[in-house]
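In what follows, chains carry the letters A, B, and so on, assigned in the order in which the sequence lines appear, proteins first and then strands, with residues in each chain numbered from 1.
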Amino acid sequence: MRLSQSLWQTFKEVPAEAEIPSHRLMLRAGLIHKSGAGIYNLLPFGLRVVQKIERIVRDELDKAGCQEILMSMVTPGELWQESGRWDLMTEMLKFKDKKNRDLCLSPTNEETVSDIFRNIVKSYKSLPATLYQINTKFRDEIRPRFGLMRAREFIMKDAYSFHNDKESLDLVYKDLYDAYCRIFERMGLEYTVVEADGGAMASSDSQTHEFQVVAETGEDEIIYCAQTGYAANIEKAKTKRANAPALTGDAAYEDVATPGAATIEAVAKLLKIEKHHTIKALVYECISGEESKIIVAFILGDDTLNEVKLKAVTGADHVRAASESMLSLVGLVKGFIGPVGLSEKIEVLIDEAIDHEGLYVAGANKADFHTKNIKPSRDAIHAKRVDLRLACSGDLTLDEKGVVAVRRGIEVGHIFQLGNKYTKAMNVTVSDVNGKPMHPLMGCYGIGITRVAAAAVEQNNDEGGIIWPAAIAPYHVYFASIAKDEEVSKIAEGIYHELQNQGLEVVFDDRKVGPGFKFKDSDLLGLPVRIVVGDKTWKDQEKIEVVWRHNGEKLLVSREELVGTLKAGLKV
RNA sequence: CGGAGCGUAGCGCAGCUUGGUAGCGCAUCUGCUUUGGGAGCAGAGGGUCGUAGGUUCAAAUCCUAUCGCUCCGACCA
């Protein structure tokens with residue numbers, strides 16, 4: 001590919017809108033172009049990256065026995081009404097056609113694939129079956145951001161499997177898990193597989209894993225233990241607190257005056273105790289459908305509540321902190337809420353990190369008073385013990401064999417066991433061995449293709465620009481011809497053709513610009529290797545300069561050695 | 001949806017306080033000279049100052065409304 005005849009423009013200056021490295025660099029390197037909030041066009045080099053990613057995904061999924069299909073991007077609303085998600089999926093872009101029929105742009109495709117499946121598959125003998133597609137998705141995110149990282153329109157690979165029983169689902173789930181590992185390994189990305197929360201997609205107790213590309217700018221927090229290998233999304237992570245023993249004894253509880261001490265900080269200071277010897281009350285409004293109820297959650301004074309866990313425990317669709325007016329409505333005094341003397345009508349949860357036999361200080365349920373020597377097993381008998389605390393750096397794993405740390409990650413893949421949630425809702429049945437209808441079990445498996453491209457840049461860049469892993473780089477070689485001499489220019493032309501004939505993907509920079517300009521563009525675009533043919537090195541020693549982008553290693557090779565050197569380094 | 005900020009040439013910005021001929025750098029085009037880390041000189045093209053009202057002799061500038069974009073939060077498979 002000749003740059004002199006290509007549509008490619010790089011930018012020295014960064015568009016003000018771009019905040020994170022991948023977004024900045026992809027704009028500057030001329031890979032993408034923005035049309036609107038969260039809506040991007042892929043330019044030639046950007047598209048090639050996406051195609052490279054897709055090729056790896058297809059290859060591994062086909063090997064894993066999946067079949068590719070292509071589902072319509074526009075879906076009839078009735079399918080979503082059937083599954084009950086028409087009103088639940090708030091980020092779905094809905095519209096009507098000329099005949100006033102409901103339609104939407106697919107944010108995901110469980111409904112469509114179920115519809116296909118129920119119309120085609122009749123027997124248990126056809127199972128298991130796994131279908132996938134690589135297609136554009138549209139999610140009308142409340143806040144799109146970071147370029148391709150969280151765009152509204154994006155390309156996703158989504159796969160769906162159908163099974164007769166749990167064993168079959170487990171097997172295919174494992175196959176896809178392994179395929180995903182191979183996919184991200186082949187792409188040259190540093191990733192972690194973490195346990196995750198099923199969220200709105202599946203129930204919270206179903207098996208689900210996220211594939212997270214490790215990067216500082218990631219939107220997700222991951223709890224990771226180097227010693228034991230434990231890894232989980234912080235939303236899901238279960239850990240143990242380290243070194244925070246409770247006070248012990250048998251003293252009866254008693255109220256103490258704590259005027260104005262409405263925060264844990266103030267109470268601990270006033271009573272000269274550790275924060276983890278206090279119990280903090282958090283009041284939440286838990287909303288399920290039309291109904292909402294008030295729940296009081298107790299956690300240790302210096303812990304943070306994990307709202308995803310709360311949501312899972314209460315089975316609510318949404319949880320949110322209760323407003324002050326709601327507190328007074330149910331007779332709670334903000335800043336002085338505690339388990340003793342609390343109305344039995346209020347549902348109470350107590351975190352497992354609180355020692356049931358320990359002694360704690362908590363609010364006395366009246367202004368300016370706290371209660372000390374509260375022993376949960378004796379004094380908080382209405383409270384249901386559940387895991388609510390947000391894991392944090394320094395915690396121990398549950399088996400106490402390792403210490404965990406927090407990392408940030410970009411979720412590039414997510415696999416779920418859906419069970420029969422959708423096959424039931426959509427009435428998908430096949431005949432079982434006895435000829436009776438049964439609802440197959442489902443699994444679903446996603447990879448954000450365009451997000452992978454952004455994540456790869458996020459993980460691999462320096463001051464000069466992008467450093468593409470060879471497997472997903474738009475081209476293999478950046479060939480800067482900086483020859484002025486006509487003879488040497490001809491040699492460069494010859495080398496360009498030779499490389500192409502050898503199957504190497506070459507960007508031939510034959511533009512009439514200075515060498516510095518070409519080197520800067522080369523670094524910015526970030527192809528794995530740059531070669532340079534110039535008058536000096538060629539005329540003096542008939543050598544070609546080879547520079548590897550990832551480590552800056554520079555060497556001079558002869559024309560005979562060139563192809564071998566490149567192929568060995570690129571592993572192609 | 002709550003909070004903050006920004007809309008002036010393709011990109012980055014100045015001008016706005018105190019109303020009076022729309023500017024700078026990069027990019028683009030032409031010519032000449034250059035060529036191993038974003039070259040130099042000379043010249044050129046490109047903007048109804050987001051949009052719509054209003055105030056005024058006069059609005060990029062003041063007022064009102066509206067649209068768009070970005071960031072933080074809420075939210076998010």
Side-chain angles (χ1 to χ4, degrees), chain A residues 8-20 23-24 27-28 30 33-39 85 88-92 106-110 137 139-147 149-152 154 156 158 160 196-204 206 208-211 219-220 233 235-236 307-308 311 317-321 411-418 421-422 443-448 451 463-465 480-485 488-489 509 511-525 530-538 540 545 547 552 554 556:
Chain A
W8 187 46
Q9 175 73 58
T10 56
F11 303 91
K12 253 203 260 192
E13 274 161 324
V14 196
E17 66 187 50
E19 289 290 320
I20 63 168
H23 191 195
R24 278 204 295 268
L27 285 168
R28 279 191 57 209
H33 172 260
K34 188 173 88 163
S35 282
I39 303 176
R85 289 209 286 184
L88 289 181
M89 299 215 57
T90 49
E91 67 269 34
M92 190 156 69
S106 296
T108 175
N109 286 83
E110 282 76 17
K137 298 282 181 294
R139 294 181 188 174
D140 198 3
E141 299 275 0
I142 296 168
R143 184 144 100 86
R145 52 182 149 177
F146 303 150
M149 199 70 85
R150 182 173 290 282
R152 292 194 295 169
F154 59 100
M156 176 165 137
D158 44 328
Y160 307 89
D197 184 85
M201 195 65 202
S203 55
S204 278
S206 63
T208 169
H209 288 91
E210 289 170 351
F211 289 74
E219 292 186 279
D220 290 332
N233 190 304
E235 294 176 345
K236 177 84 174 178
E307 293 190 0
V308 175
K311 210 166 106 179
D317 295 335
H318 295 285
V319 297
R320 63 173 180 227
E411 181 190 343
V412 289
H414 202 157
I415 57 179
F416 298 87
Q417 293 197 357
L418 297 174
K421 179 171 172 174
Y422 294 95
C444 87
Y445 317 86
I447 291 178
R451 185 182 278 183
E463 316 77 55
S481 170
I482 58 169
K484 289 170 299 239
D485 186 283
V488 183
S489 293
D509 194 348
R511 295 174 298 179
K512 306 222 172 319
V513 295
F517 198 91
K518 294 183 179 184
F519 297 155
K520 289 287 185 189
D521 267 355
S522 166
D523 288 345
L524 180 58
L525 181 60
R530 175 178 81 215
I531 62 173
V532 185
V533 169
D535 293 344
K536 210 173 156 197
T537 44
W538 186 261
D540 291 358
E545 187 179 276
V547 188
K554 194 180 283 193
L556 289 173

With sequence neighbours excluded, residues passing side-chain contact (heavy atoms from CB on, under 4.5 Å) with K520(A): none
R145(A) side-chain N/O to C72(B) phosphate OP1/OP2 under 4.0 Å: yes
R143(A) side chain near C1(B) phosphate (N/O to OP1/OP2, under 4.0 Å): no
Sugar-phosphate, base or nothing in reach of M156(A), heavy atoms under 4.0 Å: base
Touch class at under 4.0 angstrom, heavy-atom based, for E411(A) against every strand present: sugar-phosphate
Value in whole Å for how far the P atom of A74(B) lies from CD of E235(A): 12 Å
Partner residues of H414(A) under the side-chain hydrogen bond (donor to acceptor under 3.5 Å, both in side chains) criterion, sequence neighbours left out: T208(A), E411(A)
Whole-angstrom distance between G12(B) and U21(B), as gauged at atom C1': 26 Å
Sugar-phosphate only, base, or nothing, as touched by R28(A) at under 4.0 Å among non-hydrogen atoms: base
5' priority, RNA chain B, between V319(A) and K34(A) [closest heavy atom]: K34(A)
side-chain contact (heavy atoms from CB on, under 4.5 Å) partners of K34(A), counting only residues at least two apart: E17(A), Y40(A)
Any residue meeting side-chain contact (heavy atoms from CB on, under 4.5 Å) with I142(A), in chain and number order, not counting sequence neighbours: none
Check: D535(A) side chain, D485(A) main-chain N or O, donor-acceptor pair, under 3.5 Å: yes
Sugar-phosphate only, base, or nothing, as touched by E219(A) at under 4.0 Å among non-hydrogen atoms: nothing
Nearest-Å distance for atom pair CG/P, residues L524(A) and G37(B): 18 Å
Residues E307(A), R320(A); criterion salt bridge (charged side-chain N to carboxylate O under 4.0 Å, His left out); working and verdict: CA-CA 8 Å; E307(A) 293 190 0; R320(A) 63 173 180 227; over 6 Å; no
Check: Y160(A) main-chain N/O paired with D158(A) side-chain donor or acceptor under 3.5 Å: no
Per-nucleotide protein contact string for nucleotides 30-35 of chain B, where B marks a base within reach and S marks sugar-phosphate only (heavy atoms under 4.0 Å, - for neither): -----B
E91(A) backbone acceptor or donor facing R139(A) side chain under 3.5 Å: no
Cationic N near anionic O, under 4.0 Å, E19(A) to R24(A): no
Any donor-acceptor N/O pair, R152(A) side chain to A37(A) backbone, under 3.5 Å: yes
Report each atom pair, protein N/O against N/O of nucleotides 12-15 of chain B, whose distance is under 3.5 angstrom.
{"from": "G12(B)", "atom 1": "OP1", "to": "A16(A)", "atom 2": "N", "distance (Å)": "2.8"}

Side-chain donor/acceptor of E545(A) to base of G36(B), under 3.5 Å: yes
5' priority, RNA chain B, between E19(A) and W538(A) [closest heavy atom]: W538(A)
Whole-Å distance separating the CZ atom of R152(A) from the C1' atom of C69(B): 11 Å
Sugar-phosphate only, base, or nothing, as touched by D535(A) at under 4.0 Å among non-hydrogen atoms: nothing
Sugar-phosphate only, base, or nothing, as touched by T90(A) at under 4.0 Å among non-hydrogen atoms: nothing
